[in-house]
Q: 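Have a look at this one.
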Amino acid sequence: MEIIDGKKISNQIKEEIKVEVDSLKALGKKIPHLAAVIVGEDGASLTYVGSKVRSCKQVGFNSTLVKLAESITENELLDEIYKLNNNDSIDGFIVQLPLPKHIDEQKILLAIDPNKDVDGFHPTNFGKMALNMRTFIPATPYGIIELIKRYGIETSGKHTVVIGRSHIVGRPISILMNNKGQGGDSTVTVVHSKTKNIEFYTKNADILVSALGIPEYVKEHMVKNNVVIIDVGITRVKDHKTEKGYVIKGDVDFDSVSKKASYITPVPGGVGPMTIAMLLKNTLLSVGMRS
Ligand code: L34
């Protein structure tokens, strides 16, 4: 069994990005500038966005954090997005999800200029991704593909089972792993809350991607020997014994499942840090496409 070290690979990618930023700077070109919009005070969202801003500094990007109150109206948020769309100094931006219930997420995502949509959530970019055209790939699935490539894991002809069909992970990763090319060419099954007998599918997976959000849902008896496990789940579980008052759990019961796996991503330190590295990569791509 080999642990897939997302923390290490994400640092490598950030180093690679820094080299490119340094050469842009040496040539007197524009410094990449990423903006992030966050609405409200959700603890996990604040952590993730904070980490995005910190990573911008690490690689030499400029960054802007737009922090908005939970009570903001949909129209006010749309105005913020138009400002970012029209601000020429900004190469790309994201609106951290989830948004408060009174705001229509689709409406917000549709308002983002597709050329600045470094999350790849706009229908234009999502459609391009589905057609295997060059575009922004949503950062979490992009990070998974990158881990698979850098660990030399074979996907061609393999049976990949994805648990979950969210717009930000399950659906896009199912498309990417089925697309033609390296990291793809897989036979993909997507299981979800309405699937009967989920175990029947997971037991037949060569590669299992879990993006469900139920801590330790995937148990040893649900997978076969030598399975490749990609655990995208990241749930904060209350634990008063710890300083922070919670522990982070993945979708997979790591201790038992890792014994059967050929490769496995840990939580934390697996897919999470890759999400951030690939967002930076998309921002660099945006600079290239805009200049
Ligand atoms: N718009 N919303 C938008 N884009 C995204 O790409 C995201 N996502 C998901 C939630 N909402 C979003 C993220 O940024 C999930 N996500 C994310 C980003 C980073 C990490 C996890 C999820 C991460 O850094 N995880 C660390 C642990 C962090 C902690 O201490 O809580 C890890 O090692 O897994």
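FYI, the numbering just counts along the sequence from 1. Computation of the quantities below employed the complete heavy-atom set of this structure, encompassing side-chain atoms and omitting hydrogens, waters and symmetry-equivalent molecules. Remember, it's 1-based here, ligands and their atoms both numbered in the order they're listed.
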Q: Filter the ligand 1-protein atom pairs down to N or O on both sides and distance under 3.5 Å, then list them.
A:
from     : atom 1 : to     : atom 2 : distance (Å)
ligand 1 : 1 (N)  : Val95  : O      : 2.8
ligand 1 : 1 (N)  : Asp119 : OD2    : 2.7
ligand 1 : 2 (N)  : Leu97  : N      : 3.0
ligand 1 : 4 (N)  : Asp119 : OD1    : 3.1
ligand 1 : 4 (N)  : Asp119 : OD2    : 3.1
ligand 1 : 11 (N) : Gln96  : NE2    : 3.2
ligand 1 : 11 (N) : Leu97  : O      : 2.9
ligand 1 : 14 (O) : Lys52  : NZ     : 2.7
ligand 1 : 33 (O) : Gly269 : N      : 2.7

Q: Judged by modelled atom types alone, do Asn125 and Thr135 share a side-chain donor-acceptor pair under 3.5 Å?
A: yes

Q: Report, one line per pair, each donor and acceptor closer than 3.5 Å where one atom sits in a side chain of residues 198-212; sequence neighbours left out.
A:
from   : atom 1 : to     : atom 2 : distance (Å)
Thr202 : OG1    : Glu199 : O      : 3.2
Thr202 : OG1    : Met222 : O      : 2.8
Asn204 : ND2    : Phe200 : O      : 2.8
Asp206 : OD1    : Lys224 : NZ     : 2.8
Asp206 : OD2    : His159 : N      : 2.7
Ser210 : OG     : Asp251 : OD2    : 2.9

Q: Using the test side-chain contact (heavy atoms from CB on, under 4.5 Å), find all partners of Lys244 that sit at least two apart in sequence or belong to another chain.
A: Tyr246

Q: Going by side-chain hydrogen bond (donor to acceptor under 3.5 Å, both in side chains), name the pairs with one or both residues in residues 167-187, residues two or more places apart or in two chains.
A: Thr160-Ser186

Q: Between Lys158 and Glu154, is there a side-chain N and carboxylate O pair less than 4.0 Å apart?
A: no

Q: Would you check, one step at a time, whether the test side-chain contact (heavy atoms from CB on, under 4.5 Å) holds for Leu176 with Ile137?
A: CA-CA 9 Å; Leu176 290 167; Ile137 309 285; 3.5 Å; yes

